[in-house]
Protein chains: 2
Amino acid sequence: MRYEDAGVNLDAAEETTRRIKEALAPVRHPGVIAGVGAFAGAFDAGRLAELERPVLLASTDGVGTKTLVAARVGRWRGLGADLVNHGIDDLLAAGGRPLFFLDYLAAARLEPAVAFEVVAGLAEAAAAADLAVLGGETAEMPGVYREGALDLAGTIVGYAERARLPDPARVRPGDVLVALPSSGLHTNGYSLARRALAELDWEAPREDLGGRSVADALLEPHRSYLPEWRRLERAGLLPKTAAHITGGGVYGNLPRALPAGLGARLERGRWPEPPIFDLIRRRGGVEAREMFRVFNMGLGMLLVYDPDAAEAALEVLEEGRRAGVVVRGEGVSVEGVDG
Amino acid sequence: MRYEDAGVNLDAAEETTRRIKEALAPVRHPGVIAGVGAFAGAFDAGRLAELERPVLLASTDGVGTKTLVAARVGRWRGLGADLVNHGIDDLLAAGGRPLFFLDYLAAARLEPAVAFEVVAGLAEAAAAADLAVLGGETAEMPGVYREGALDLAGTIVGYAERARLPDPARVRPGDVLVALPSSGLHTNGYSLARRALAELDWEAPREDLGGRSVADALLEPHRSYLPEWRRLERAGLLPKTAAHITGGGVYGNLPRALPAGLGARLERGRWPEPPIFDLIRRRGGVEAREMFRVFNMGLGMLLVYDPDAAEAALEVLEEGRRAGVVVRGEGVSVEGVDG
């Protein structure tokens, strides 16, 4: 018996490794001392030595069943950007700046061409954020994964000065919630979306999606808010706290940016909702409150400011919207949804 | 339609989250500023400010189909230690010391009790290494995973002083390879092992396994070499380079610790081989060379020393063995296997 007899194709695995290195080759980052292929990647952390009280931040996330949308239409390039940008936005909400990233790609059998597309997209998104791809792992596990499906997860590591970490204790009633608009579902709610839209033609252009197809709208990559964040930082206008709106929607995520005893009221209509959400609602017969519990509904990130700073931030941001206010009493409500 | 109609059980997911927090509660690490539940975990990196040229090291790994062995006998506790210790050993081989860890646990449906066992084992192994568990992600994806199977991956982050990173250029012909013995398969070769042993009773004690069962032997956790490493460090006897023997065996991993132009000759018989390997060989009819290509064969880690330092290291180590030597010419050979 040989290893190959156990369902492992070592030639294909080698080809996958070769294609992944090819996908990463154009984006060598100057901070990388040892990268893919080493027992552990090594990254020059010199800039941490310049901080007074350096803090490391890290977050692990996956792209969920967005991979099944990619599989249905055979378009894999955007998933890497989804993964990287989700991580960047988590890091920003926690007060960090990106340093490096590691990915995990697993399937029953990994097609080398699919691995290349995913990692090439990941490398492009990382390069756009000056984020190093420090390593990763691929695994083929026929007994664990369904044929044709794959899972993609990753870990971002960043840093911050301790005194500049966001502090919910500074949030006051009357503070303003500034929304950074999402591009679509980002990386959450795909199980419900796929089910609601299952019967439609995903490749046909649709008027109710502004001429785009269901697949286009569903695969729209998770937006990175790093460019907006850099504008705020240059202007000295970083928020008191921020919430990245992912699984659980505004109800699940906004409270993480607020202190005990305070809540928020969002005023629906003040920010754009990408039309894919209304299509899901109609086709799936999904109640409005359920939509806000599962999806970001156009709210990619919510930033908390006192009213004057909010005005100034809205001047600086390319696409910020005033979306609501902080109120006394815990809990998040959406006007027009929760009454 | 509600989210639950798409096959997602939010009550079970909440229960899983609650059990995971319960599993992590006993091991709060003083370095953690914000942990599980934050947008990103935050870790006090003060000790990096004391280094002259701080380097961050990171590695992502999975435990492969060892999860299917755990599933067959319903014993999940060891998988977390497998994951953490695999990461620690990768970090040590790369010259780093552990700081923190993040895990990724995904399945079609996550049983809260299974998630608790896995994370409790992970927390114990992390605590033993003074490693913080900074965060993690769980995901339920019925369309991606097979029913009853789960995947477990994780990322370790550590640090090093740049001038003390291992340097293959210092390795010379005649240098000695010191082996740290493995406890069994660690986290590699399970597809072949499960196939070779599929017909056996996995729960019955066996004489050829020293009275242990197949399940006992297969689930033996990946060893952490951190205690041995600390002994070496206290004695000023860290190796020139080291190789963590994982997928690909000695042929695939030892060359990563050697410079171009040098190879290694291992002398079989100089280190103990856990008896599970011979059982796999006999039941699967696996050639000796294939065994060394797929499994660690008792060699958990190989450390490279000049001959005098090797003697001194063997005095300090609890279980080190002299396993072979560095030779001119590339490639790894095992005496008694490769002639």
Side-chain angles (χ1 to χ4, degrees), chain A residues 1-3 5-8 33 38-46 48-49 51 53-62 64-65 67-68 90-91 93-94 96 100 102 104 106 134-137 139 141 143-146 149 151 153 155 157 165 191-192 195-196 244 256 284-286 290 294, chain B residues 1-3 5-8 33 38-46 48-49 51 53-62 64-65 67-68 90-91 93-94 96 100 102 104 106 134-137 139 141 143-146 149 151 153 155 157 165 191-192 195-196 244 256 284-286 290 294:
Chain A
M1 190 181 284
R2 289 172 59 80
Y3 200 26
D5 300 323
V8 185
I33 298 165
F39 289 105
F43 186 83
D44 181 348
L48 291 183
L51 301 182
R53 298 187 68 190
V55 172
L56 287 169
L57 295 119
S59 180
T60 292
D61 289 290
T65 57
T67 58
L68 296 177
D90 269 351
L91 206 61
F100 58 80
L102 301 98
Y104 179 71
L134 197 60
E137 170 82 352
M141 294 185 274
V144 173
Y145 289 88
R146 288 178 186 267
D151 198 7
T155 300
V157 175
L165 287 177
S191 293
L192 182 56
R195 185 159 169 131
H244 182 202
R256 299 155 86 180
V286 186
E290 184 73 357
V294 176
Chain B
M1 190 182 282
R2 287 173 60 80
Y3 200 26
D5 299 323
V8 185
I33 299 166
F39 289 105
F43 187 84
D44 181 348
L48 291 183
L51 302 182
R53 296 185 70 188
V55 172
L56 287 170
L57 295 118
S59 179
T60 292
D61 289 293
T65 58
T67 58
L68 295 177
D90 269 350
L91 206 62
F100 59 81
L102 302 98
Y104 179 72
L134 196 61
E137 172 82 352
M141 293 184 276
V144 173
Y145 288 88
R146 288 178 185 268
D151 197 7
T155 301
V157 175
L165 287 177
S191 292
L192 182 56
R195 185 162 170 130
H244 182 202
R256 297 155 87 181
V286 186
E290 184 72 357
V294 175

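Chain A is the first sequence line, chain B the second, and so forth, proteins listed ahead of strands; every chain is numbered from 1.
For the pair B:L56/A:L56, a side-chain contact is recorded, criterion being any heavy-atom separation below 4.5 Å from C-beta on.
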What's the verdict on side chain to side chain contact (heavy atoms under 4.5 Å, CB included) for A:Y104 and A:L102, showing C-alpha distance, side-chain angles and the deciding distance? CA-CA 7 Å; A:Y104 179 71; A:L102 301 98; over 6 Å; no
Output, in order, the C-alpha distance, side-chain angles, deciding distance and verdict of side chain to side chain contact (heavy atoms under 4.5 Å, CB included) for A:D44 and B:V55. CA-CA 5 Å; A:D44 181 348; B:V55 172; 5.7 Å; no
Tell me, with the steps shown, if A:Y145 and A:D151 meet side chain to side chain contact (heavy atoms under 4.5 Å, CB included). CA-CA 8 Å; A:Y145 289 88; A:D151 198 7; 3.6 Å; yes
Verdict with supporting geometry, A:L192 and B:M1, side chain to side chain contact (heavy atoms under 4.5 Å, CB included): CA-CA 8 Å; A:L192 182 56; B:M1 190 182 282; 3.6 Å; yes
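Only the side chain of A:V157 comes within contact range of chain B, with at least one heavy atom under 4.5 Å from a heavy atom of that chain. Of the two parts of A:A106, only the side chain, counted from C-beta on, holds a non-hydrogen atom closer than 4.5 Å to a non-hydrogen atom of chain B. Interface residue A:V294: only side-chain heavy atoms are found under 4.5 Å from chain B. With a 4.5 Å cut-off on non-hydrogen atoms, A:A42 touches chain B through its backbone and its side chain both. Proximity to chain B is limited to the side chain of A:I33, based on heavy atoms less than 4.5 angstrom apart.
Between chain B and the residues A:S59, A:A45, A:A149, the largest count of heavy-atom pairs under 4.5 Å involves A:A45. Of the listed residues (A:F43, A:F39, A:F100), the greatest number of heavy-atom pairs within a distance under 4.5 Å of chain B belongs to A:F39. Residue with the most contacts toward chain A among B:D61, B:L91, B:L48: B:D61 (heavy-atom pairs, distance under 4.5 Å). Taking B:G46, B:G285, B:G143, B:A153 one by one and counting their heavy-atom pairs under 4.5 Å with chain A, the maximum is reached by B:G143. Among A:T67, A:D90, A:T65, the residue with the largest count of heavy-atom pairs under 4.5 Å with chain B is A:D90. Chain A forms the most heavy-atom pairs under 4.5 Å with one residue out of B:R53, B:M141, B:R2, and that residue is B:R2. Contacts with chain B were tallied for A:E290, A:R195, A:H244, A:R146; A:R146 has the most, counting heavy-atom pairs under 4.5 Å.
Among all heavy-atom pairs drawn from A:L57 and A:A94, the shortest one is CD2-O, 3.7 Å.
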